Asker: 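Have a look at this one before I ask anything.
All values below come from the heavy atoms of this structure, side chains included, with hydrogens, waters and symmetry mates left out. What you see is a predicted model, and the numbers here were worked out from it, not measured in a lab.
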Amino acid sequence: MKIIAGNWKMNGNPSELAEMLQGLGALDTENRVILCVPYTMLRAGNNIVMLGSQNVSKYDSGAHTGDISAKMVSKSGATVTLVGHSECRTELHDTNADVAERAARALENDLLPIICVGETAPERDAGLTEKIVETGVRESVPKNAANGGFIIAYEPRWAIGAGITPTYDQIQQVHNLIRKTLDEMGFADTPILYGASVTEQNAAEIMSIKNVDGVLVGGASLKKETFVPIINSVK
Ligand code: 13P
């Protein structure tokens, strides 16, 4: 069983989502499928798909114009949220501490947080990948997290939407580090996803790497024609 999560980013509309849910609902798969969609499309998922948001506020409620709380997402029927995605770290200037706050609110409201970590190109070039990733995990997981109650996604930020991935050895190395870090933190049962430029061509091989429990897919999750083959590429 693998976890196949899609991130629609700022794409799609309710009728495209309805069509996707109908298509995925007919799949015969043991894999856990998640779709993180824009807030305006949030609703309950179906027998196959868990629906989620792409972020939640650090705050519970109140004077935060434009923000969306974890409780609002939860009340929509959705059950998952991304936090700490590279694009939020860049555009909203989220630090690891901010991400931990968001994840804490998610857990308080019964949402499964997918906590994203990863290095930028300059950080990679400076040899900082392992330091950034380990610190990202240690500082972005909130204090109220329980073993197995959240997911980590490793997304090398330079490879997102770029059509390139690290070598499989590099993915393995980083996932081993995340696994070791989670073990030390008492979270041995926490799944670890790989994300960035996953396609139907590379999904099965990436998911055969030790300590890769699934994938987080951007562009290729937008259409059934490219998402379904990824879901069906593994048992
Ligand atoms: P791409 O699959 O389009 O590279 O996006 C990855 C991503 O950011 C998923 O969260």
Asker: Between N109 (side chain only) and V73 (backbone N and O only), is there a donor and an acceptor less than 3.5 Å apart?
Answerer: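 Flag not set: sc N109 to bb V73 has no pair under 3.5 Å.
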Asker: Please tell me whether I178 and I209 are part of a single hydrophobic cluster in this structure, the criterion being side-chain heavy atoms less than 4.5 Å apart.
Answerer: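 Both belong to a single hydrophobic cluster.
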Asker: For H85 and Q54, which I'm curious about, is there any donor-acceptor pair between the side chains at under 3.5 Å?
Answerer: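 Q54 and H85 do not have a side-chain donor-acceptor pair below 3.5 Å.
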Asker: Hey, are the side chains of L51 and L17 touching, using non-hydrogen atoms and a 4.5 Å cut-off?
Answerer: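 Counting from C-beta outward, L51 and L17 do come under 4.5 Å.
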Asker: Going by distance alone, is a donor N or O of one side chain under 3.5 Å from an acceptor N or O of the other, for S53 and T81?
Answerer: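 There is such a pair (donor and acceptor under 3.5 Å, judged by atom type) between the side chains of S53 and T81.
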Asker: Mind listing the closest non-hydrogen atom pair of E225 and E200 along with its distance?
Answerer: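 Where E225 meets E200 most closely, the heavy atoms are O-OE2, 4.0 Å.
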Asker: For the hydrophobic clusters of this structure (ILVMFWY residues joined by side-chain heavy atoms under 4.5 Å, transitively), does one cluster hold both I160 and V174?
Answerer: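 No; V174 is not reachable from I160 via cluster members.
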Asker: Between the side chain of D94 and the main-chain N/O of G84, is any donor-acceptor distance below 3.5 Å?
Answerer: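 No, because the side chain of D94 does not come within donor-acceptor range (under 3.5 Å) of the backbone of G84.
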Asker: Is any side-chain heavy atom of M185 closer than 4.5 Å to one of V137?
Answerer: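 Yes. Closest side-chain heavy atoms under 4.5 Å.
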Asker: To check you understand the geometry: which heavy-atom pair defines the closest contact between T190 and G148, and what is its length?
Answerer: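 Looking at all heavy atoms of both residues, the closest pair is OG1-N, 3.4 Å.
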Asker: Between V212, T199, V234, I230, which is the residue that forms a side-chain contact (heavy atoms from CB on, under 4.5 Å) with I206?
Answerer: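 Answer after filtering V212, T199, V234, I230: V212.
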Asker: According to side chain to side chain contact (heavy atoms under 4.5 Å, CB included), who are the partners of S69, at least two apart in sequence or on a separate chain?
Answerer: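 Residues passing side chain to side chain contact (heavy atoms under 4.5 Å, CB included) with S69: K71, M72.
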Asker: Enter the distance from D60:CG to E108:CD here, rounded to the nearest 0.5 Å.
Answerer: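 Spacing of CG (D60) from CD (E108) equals 6.0 Å.
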Asker: Just say parallel, tilted or perpendicular for the rings of H64 and Y59, cut-offs at 30° and 60°.
Answerer: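 Parallel: the ring planes of H64 and Y59 meet at under 30°.
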Asker: CG/L216 to CD/E155 distance, rounded to the nearest 0.5 angstrom?
Answerer: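 L216 atom CG to E155 atom CD measures 4.5 Å (nearest 0.5 Å).
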Asker: Which heavy atom of A78 sits nearest to which heavy atom of L42, and what is that distance?
Answerer: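 It is CB-CD2, 3.9 Å.
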Asker: What I want to check is whether the side chains of S57 and D67 have a donor and an acceptor closer together than 3.5 Å.
Answerer: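 Yes, because at least one side-chain N or O of S57 sits under 3.5 Å from a partner of the opposite role on D67.
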Asker: Measuring from I151:CD1 to I192:CD1, what's the distance to the nearest 0.5 Å?
Answerer: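 Output value for this atom pair is 11.0 Å.
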Asker: Check whether any side-chain N or O of Y194 sits under 3.5 Å from a backbone N or O of P156 as a donor-acceptor pair, and report yes or no.
Answerer: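 The answer is no, because no donor-acceptor pair under 3.5 Å joins these two groups.
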Asker: Do I164 and W158 come close enough that some side-chain heavy atom pair is under 4.5 Å?
Answerer: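 Touching, per the 4.5 Å side-chain cut-off.
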Asker: Output yes when a side-chain donor or acceptor of W8 lies under 3.5 Å from a complementary backbone atom of S221, and no otherwise.
Answerer: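 Side chain of W8 to backbone of S221: a pair is present.
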Asker: For residues V215 and I231: do they belong to one hydrophobic cluster (side chain heavy atoms under 4.5 Å, members Ile, Leu, Val, Met, Phe, Trp, Tyr)?
Answerer: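 Per the 4.5 Å side-chain linkage, V215 and I231 are co-clustered.
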Asker: More than 12 heavy atoms of other residues, nucleotides or ligands under 6.0 Å from CZ of R138: yes or no?
Answerer: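 Counting other residues, nucleotides and ligands, CZ of R138 exceeds 12 neighbours.
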Asker: Just verifying a value: how many Å separate N55 CG and Y39 OH, rounded to the nearest 0.5 Å?
Answerer: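 If I round to the nearest 0.5 Å, the distance is 4.5 Å.
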Asker: Hey, is E134 close enough to K180 for a salt bridge, meaning N to O under 4.0 Å?
Answerer: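 Salt bridge: no.
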Asker: Does the side chain of P142 reach to within under 4.5 Å of the side chain of I115, using non-hydrogen atoms?
Answerer: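 Yes; the side chains approach each other to less than 4.5 Å.
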Asker: Could you tell me whether the side chain of T79 and the main chain of M50 form a donor-acceptor pair under 3.5 Å?
Answerer: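 Judged by distance alone, no pair lies under 3.5 Å.
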Asker: I'd like to know if the side chain of N31 reaches the main chain of K2, judged simply by a donor and an acceptor atom lying under 3.5 Å from each other, with no hydrogens or angles considered.
Answerer: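 Side chain of N31 to backbone of K2, a donor-acceptor pair under 3.5 Å: yes, one is there.
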Asker: When you group the ILVMFWY residues by side-chain heavy-atom contacts below 4.5 Å and let the links chain together, are V228 and I48 in the same group?
Answerer: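 Linked within one cluster.
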Asker: Measure the shortest side-chain to side-chain distance between R32 and M1 over non-hydrogen atoms and say whether it is less than 4.5 angstrom.
Answerer: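 Touching, per the 4.5 Å side-chain cut-off.
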Asker: Begin from the C-alpha positions of I4 and F227 and carry the test side-chain contact (heavy atoms from CB on, under 4.5 Å) through to its verdict.
Answerer: CA-CA 9 Å; I4 318 290; F227 196 40; 3.8 Å; yes
Asker: Report yes or no: do N13 and S15 form a side-chain donor-acceptor pair below 3.5 Å?
Answerer: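 A pair is found: one side chain offers a donor N or O, the other an acceptor, under 3.5 Å apart.
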Asker: So, K131 and E123, do they make that salt bridge, N to O below 4.0 Å?
Answerer: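 Between E123 and K131 there is no salt bridge, as every charged N stays at least 4.0 Å from the carboxylate O atoms.
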Asker: Do you know which two heavy atoms are closest between M207 and G214, and how far apart they sit?
Answerer: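 Scanning both residues, the minimum pair turns out to be SD-CA, 3.9 Å.
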Asker: Do Y154 and F150 sit in the same hydrophobic cluster, where Ile, Leu, Val, Met, Phe, Trp and Tyr count as joined when their side-chain heavy atoms come under 4.5 Å apart?
Answerer: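 Same hydrophobic cluster.
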Asker: Inspect the surroundings of CD in E184 and state if more than 12 heavy atoms from other residues, nucleotides or ligands are less than 6.0 Å away.
Answerer: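 Correct, the count exceeds 12.
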Asker: Would you say N176's side chain and Q173's backbone share a donor-acceptor pair under 3.5 angstrom?
Answerer: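 Between the backbone of Q173 and the side chain of N176 there is no qualifying donor-acceptor contact (under 3.5 Å).
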Asker: What pair of heavy atoms forms the shortest contact from L107 to G149, and how long is it?
Answerer: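 Minimum heavy-atom contact is CD2-O, 3.5 Å.
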Asker: To the nearest 0.5 Å, what is the distance between CD1 on I132 and CZ on R157?
Answerer: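 Going from the CD1 atom of I132 to the CZ atom of R157 covers 9.0 Å.
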Asker: Could you report the tightest heavy-atom contact between A5 and L193, atom names first, then the distance?
Answerer: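 What the structure gives for the nearest pair is CB-CD1, 4.2 Å.
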Asker: Look only at the side chain of R124 and the backbone of T129, and say whether a donor-acceptor pair between them is shorter than 3.5 Å.
Answerer: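 Judged by distance alone, no pair lies under 3.5 Å.
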Asker: Looking at side-chain heavy atoms only, is the closest gap between N211 and Q172 below 4.5 Å?
Answerer: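 Contact flag for N211/Q172 side chains = no.
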Asker: Between S140 and R89, is any side-chain donor less than 3.5 angstrom from a side-chain acceptor?
Answerer: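 Side-chain D/A pair, S140 to R89: present.
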Asker: Do the side chains of D213 and R179 get close enough for a salt bridge, i.e. N-O under 4.0 angstrom?
Answerer: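 Yes, D213 and R179 are salt-bridged.
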Asker: What I'd like to find out is whether the side chain of V56 reaches to under 4.5 Å of the side chain of V83, using heavy atoms alone.
Answerer: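 Yes, close enough: below the 4.5 Å cut-off.
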Asker: Begin with the C-alpha distance, continue with both residues' side-chain angles, and end with the deciding distance and a verdict on side-chain contact (heavy atoms from CB on, under 4.5 Å) for R102 and L92.
Answerer: CA-CA 13 Å; R102 295 179 190 280; L92 305 176; 4.1 Å; yes
Asker: Quick check for you: to the nearest 0.5 Å, what is the distance between L82 atom CG and L111 atom CG?
Answerer: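 Going from the CG atom of L82 to the CG atom of L111 covers 11.0 Å.
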